[in-house]
Amino acid sequence: MAGHSKWSQIKRKKAANDQKRGQLFSKLGKEITVAAKMGGGDPELNPRLRTAIVAAKAESMPADNIDRAIKKGTGEIEGANYEELTYEGYAAGGVAILVETATDNKNRTAADIRSIFSKNHGNMAGAGSVAWMFHKRSYFFVQGSDEDTVLEATIEAEPDDVKSSSDGVEIVGQFENFDKIDSALKEAGLNPKSANVTFIPENTVEIKDEGIARQILLLIEKLEDCDDVQNVHTNFDISDEIMAKISN
């Protein structure tokens, strides 16, 4: 979970500014729209939509934005017709990259993703090249509590891992247990700061060179700045010492 955990911490810091916050809301809204289109606008009958709404609320996305995104998906109001595509590749140092996108123009998106990889010390790979390294998991981040309290609150929801990070507590569980963990946290009065379904690597690649570490993080950041990109997953393991130098 090393790469996911450390990149999540960086993203939380970056999301503090208005521009990044707006970009985050756009991605969350797009996921809600896609989920509603695929499974209907009732979150009680649509698990993916329910998960998307929980993730949006965890990031303090306004209720009006959520409602509008649902209506775009159900066709009640006009919205883009998104197609979901996944791209795979490698960053500097042999680090695997899995990119989830939602686009209304797949030719544009493919060209943009390929350009970002080529301009930032990465290269695209064929379908299936790196996807097998990642497993779909539930991910939660809680602030204002300690590891023991969070573990006690969620233990019956069967999390795979509960651990402290530099600014809170992270919980990882089976994809199927998302609702159980979310409910357990809220019943204990622990409202997650982040709650989403993500892909976590089975194994990580240790990066000891500061220059390569910078190249990896720059590639990930450029990918996430692309409007069509929903999520970027990676398997790097960069030491806290190097991470501190390059993330300030």
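For reference, positions follow the sequence shown, starting with 1. Values in this document were obtained by computation on a predicted structure and should not be read as measured data. The figures here come from the full heavy-atom set of this structure, side chains too, leaving out hydrogens, waters and symmetry mates.
- Put simply, the side chain of Thr154 never gets that close to the backbone of Ala184: no donor and acceptor are under 3.5 Å apart.
- In terms of hydrophobic clustering, with Ile, Leu, Val, Met, Phe, Trp and Tyr side chains grouped at heavy-atom distances under 4.5 Å, Ile155 and Tyr139 are assigned to different clusters.
- Between Ser239 and Glu241, the side chains place no donor N or O within less than 3.5 Å of an acceptor N or O (distance only, hydrogens not considered).
- Partner Tyr90 forms a side-chain contact (heavy atoms from CB on, under 4.5 Å) with one of Asn123, Thr234, Leu219 and no other, that one being Asn123.
- Judged by distance alone, the side chain of Ser138 and the main-chain N or O of Gln174 form a donor-acceptor pair under 3.5 Å.
- The two atoms that bring Ile32 and Ala69 nearest to each other are CG2-CB, 3.7 Å, heavy atoms only.
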- Using the side chain to side chain donor-acceptor pair (under 3.5 Å) rule, take Glu147 and Ser164 through it: C-alpha gap first, then chi angles, then the decisive distance, then the call. CA-CA 6 Å; Glu147 185 176 325; Ser164 296; 3.1 Å; yes
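- For residues 30-67, the set of pairs meeting the ring-ring contact (aromatic ring centres under 6.0 Å, His included) definition, not counting sequence neighbours, is empty.
- Between Phe117 and Leu223 there is a side-chain heavy-atom pair separated by less than 4.5 Å.
- Checking side-chain atoms of Gln230 against main-chain N and O of Lys27 turns up a donor-acceptor pair under 3.5 Å.
- For Arg137 against Gly173, the heavy-atom pair with the smallest separation is CD-O, 3.3 Å.
- Using cut-offs of 30° and 60° on the angle between ring planes, the pair His233 and Phe199 is perpendicular.
- Side chains of Ile242 and Ile207 form no contact here, defined as non-hydrogen atoms less than 4.5 Å apart.
- No continuous path of ILVMFWY side-chain contacts below 4.5 Å connects Ile216 to Leu218, so the two sit in separate hydrophobic clusters.
- Considering CG of Asp228 and NZ of Lys106, their distance stands at 13.5 Å, rounded to 0.5 Å.
- A salt bridge links Asp67 with Lys71: at least one charged nitrogen is closer than 4.0 Å to a carboxylate oxygen.
- Taking Ile, Leu, Val, Met, Phe, Trp and Tyr as members and joining any whose side-chain heavy atoms lie under 4.5 Å apart, directly or through other members, the hydrophobic cluster of Met38 also contains Val34, Tyr82.
- Looking at Glu59, its side chain never comes within 3.5 Å of a backbone N or O of Phe25 through a donor-acceptor pair.
- A donor-acceptor distance shorter than 3.5 angstrom exists from the side chain of Thr109 to the backbone of Asn105, with no hydrogens or angles considered.
- Between the side chain of Asn177 and the main chain of Lys180, no donor-acceptor pair closer than 3.5 Å is present.
- The existence of a salt bridge linking Lys136 and Glu100 is excluded, since no basic side-chain nitrogen approaches an acidic carboxylate oxygen closer than 4.0 Å.
- Side-chain N/O atoms of Asp167 and Gln143 include no donor and acceptor closer than 3.5 Å.
- Salt bridge annotation for Glu31-Arg48: present, with a cationic side-chain nitrogen under 4.0 angstrom from a carboxylate oxygen.
- Under the 4.5 Å side-chain heavy-atom criterion for ILVMFWY residues, no single connected hydrophobic cluster contains both Leu49 and Leu45.
- Within the 4.5 Å cutoff, side-chain heavy atoms of Lys72 are placed close to those of Ile77.
- Residues Glu210 and Arg214 are paired through a salt bridge, judged by an N-O separation under 4.0 Å between the basic side chain and the carboxylate.
- If you look at Phe178 and Phe140, their ring centroids are closer than 6.0 Å.
- Under the 4.5 Å side-chain heavy-atom criterion for grouping Ile, Leu, Val, Met, Phe, Trp and Tyr, Ile246 is connected to Val95 within one hydrophobic cluster.
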